[in-house]
Every structure is written in structure tokens, then in C-alpha cells.
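Remarks on the structure that follows.
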Amino acid sequence: MILGIGTDLANIERIQGTLDRFGDRFRNRVFTATEQQKAERRRDVAGTYAKRWAAKEACSKALGTGLAMGIAWKDMSVTNLRSGQPVMHVTGWAKERLDAMTPKGHDAVIHVTLTDDHPWAQAFVVIEALPHRS
């Protein structure tokens, strides 16, 4: 069963401008240390940050809250499996919200996909509830 779907589009050039203007203040407010390390190793630093920005926005929408309702940016983070597949992690209030919307007897699974085509970065998040395995 689908619990929530969210999508977001981020402008890579806007993220680059924010990085240029606010630097570490922006990075440290929005992105975890792991996300920052990943982005700073990439050739397209701003594109990597923009995809993760979009993923956080999409996740907050899938949770049905948006960022205005108390979820902190760092309550949502994206890492990658060895295969490159992105994985969304939630902590804090985002995790509490996820737990509250997950029906008893089910486990929540967050699916995330990221893409970019300059100047746009896009993310889709689908939250699915799967019955507990016996």
C-alpha cells in the first residue's frame, strides 16, 4: 500500500548561487556530513547538492508535512548503495511522522530516485507500507 508520494524539482544554478553566497552555513544547515562528503567528491558539486535538496523536499511531501511543519532538513538524508542506488534515511521528527503513518503490522519502505538534466535536478519519493514478514 502506498502511504505517500512526493516529487520536487531544484534549479542547480540556484543551489550553486546559494553555495557561493552562504557556503558552509548552507551546507551545515541542510546536509549531513555524509551528504557533504559525497557532494564535495563529485565533479558536479552543485548538481549533487541539488538532487539531495530535491529528495528532501520530495520526502517531506511524501510524509504529508512539507518542511514548514517541523521536519528539519537533516532529519532526511540520502546515501548510496555500492550499486549507486540512492537510499533515503529519516530520523527525528521525520521518523516519528513515518512511524505514525505506517499501519500496524507493516514496515515502511522509502523509495527514492534522483535525476538531473542541467539546469534541473529532480527527485521522486514513494513511501510504501509492506506487511511484516512471518
Side-chain angles (χ1 to χ4, degrees):
M1 120 185 24
I2 302 298
L3 299 178
I5 298 173
T7 185
D8 193 66
L9 195 62
N11 185 294
I12 296 169
E13 293 167 1
R14 181 172 170 251
I15 296 295
Q16 182 64 63
T18 303
L19 288 166
D20 292 344
R21 184 169 178 199
F22 298 105
D24 285 342
R25 191 169 128 206
F26 170 65
R27 285 181 193 89
N28 294 331
R29 179 172 179 246
V30 176
F31 302 101
T32 65
T34 302
E35 290 174 312
Q36 290 179 47
Q37 290 166 1
K38 175 81 168 183
E40 297 299 326
R41 287 193 316 260
R42 291 285 179 89
R43 187 182 65 191
D44 183 12
V45 173
T48 302
Y49 280 125
K51 286 185 278 191
R52 279 151 177 76
W53 171 281
K56 291 168 187 262
E57 288 273 7
C59 185
S60 72
K61 292 173 185 176
L63 289 168
T65 63
L67 286 157
M69 293 181 66
I71 293 178
W73 286 103
K74 288 183 174 181
D75 284 350
M76 300 163 290
S77 66
V78 178
T79 61
N80 295 85
L81 299 177
R82 276 199 157 110
S83 65
Q85 176 185 342
V87 178
M88 176 65 69
H89 306 276
V90 293
T91 59
W93 201 83
K95 175 75 168 118
E96 291 174 22
R97 173 68 182 145
L98 180 64
D99 291 344
M101 65 191 286
T102 304
K104 290 196 182 306
H106 290 73
D107 294 313
V109 178
I110 303 174
H111 304 279
V112 60
T113 186
L114 309 172
T115 189
D116 65 282
D117 185 14
H118 199 82
W120 299 105
Q122 189 170 21
F124 294 92
V125 171
V126 176
I127 302 175
E128 180 181 25
L130 299 174
H132 289 306
R133 292 189 177 167
S134 317

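The figures here come from the full heavy-atom set of this structure, side chains too, leaving out hydrogens, waters and symmetry mates.
- Taking CZ from F31 and NZ from K38, the interatomic distance works out to 14.0 Å, rounded to the nearest 0.5 Å.
- The shortest heavy-atom contact between E57 and W73 is OE2-CH2, 3.5 Å.
- Here T32 contributes atom OG1 and R52 contributes atom CZ; the two are 9.0 Å apart, rounded to the nearest 0.5 Å.
- Minimum heavy-atom separation, P103 to A129: CD-CB, 4.0 Å.
- For residues 4-13, the set of pairs meeting the salt bridge (charged side-chain N to carboxylate O under 4.0 Å, His left out) definition, not counting sequence neighbours, comprises D8-K61.
- A donor-acceptor pair shorter than 3.5 Å can be found between the side chains of Q36 and N28.
- Relative orientation of the F26 and W53 rings is tilted, given thresholds of 30° and 60° on the angle between their planes.
- Rounding to the nearest 0.5 Å gives a distance of 3.5 Å between NZ of K56 and CD of E35.
- The two residues M76 and V90 make their nearest non-hydrogen contact at CG-CG1, 4.2 Å.
- In this structure, H132 NE2 and H106 NE2 are separated by 8.0 Å, a value rounded to the nearest 0.5 Å.
- Between the CD atom in E128 and the CD1 atom in I5 there is a gap of 10.5 Å [rounded to 0.5 Å].
- Between W93 and D75 the shortest heavy-atom distance is N-OD2, 3.3 Å.
- In this structure, OG1 in T91 is found 10.0 Å from CD1 in I71, a value given to the nearest 0.5 Å.
- A salt bridge (charged side-chain N to carboxylate O under 4.0 Å, His left out) check over residues 76-97, counting only residues at least two apart or in different chains, returns the pairs K95-D99.
- A chain of hydrophobic side-chain contacts below 4.5 Å, direct or via other Ile, Leu, Val, Met, Phe, Trp or Tyr residues, connects I110 to M101.
- With T79 contributing its side chain and P86 its backbone, the two residues share no donor-acceptor pair below 3.5 Å.
- Listed here is the closest heavy atom pair of C59 and V125: N-CG2, 3.8 Å.
- Cluster membership for L63 and M1, using ILVMFWY side-chain heavy atoms within less than 4.5 angstrom, is shared.
- Around atom CG of D117, no more than 12 heavy atoms belonging to other residues, nucleotides or ligands sit under 6.0 Å away.
- Taking every heavy atom of both residues into account, I12 and W120 meet most closely at CD1-O, 3.7 Å.
- Residue I2 is not grouped with residue L98 when hydrophobic side chains (ILVMFWY) are merged at heavy-atom distances under 4.5 angstrom, including chains of intermediate members.
- Looking at V112 and L114, their side chains come closer than 4.5 Å, going by heavy atoms from C-beta outward.
- Residues Y49 and F22 are members of one and the same hydrophobic cluster, defined by side-chain heavy-atom contacts under 4.5 angstrom among Ile, Leu, Val, Met, Phe, Trp and Tyr.
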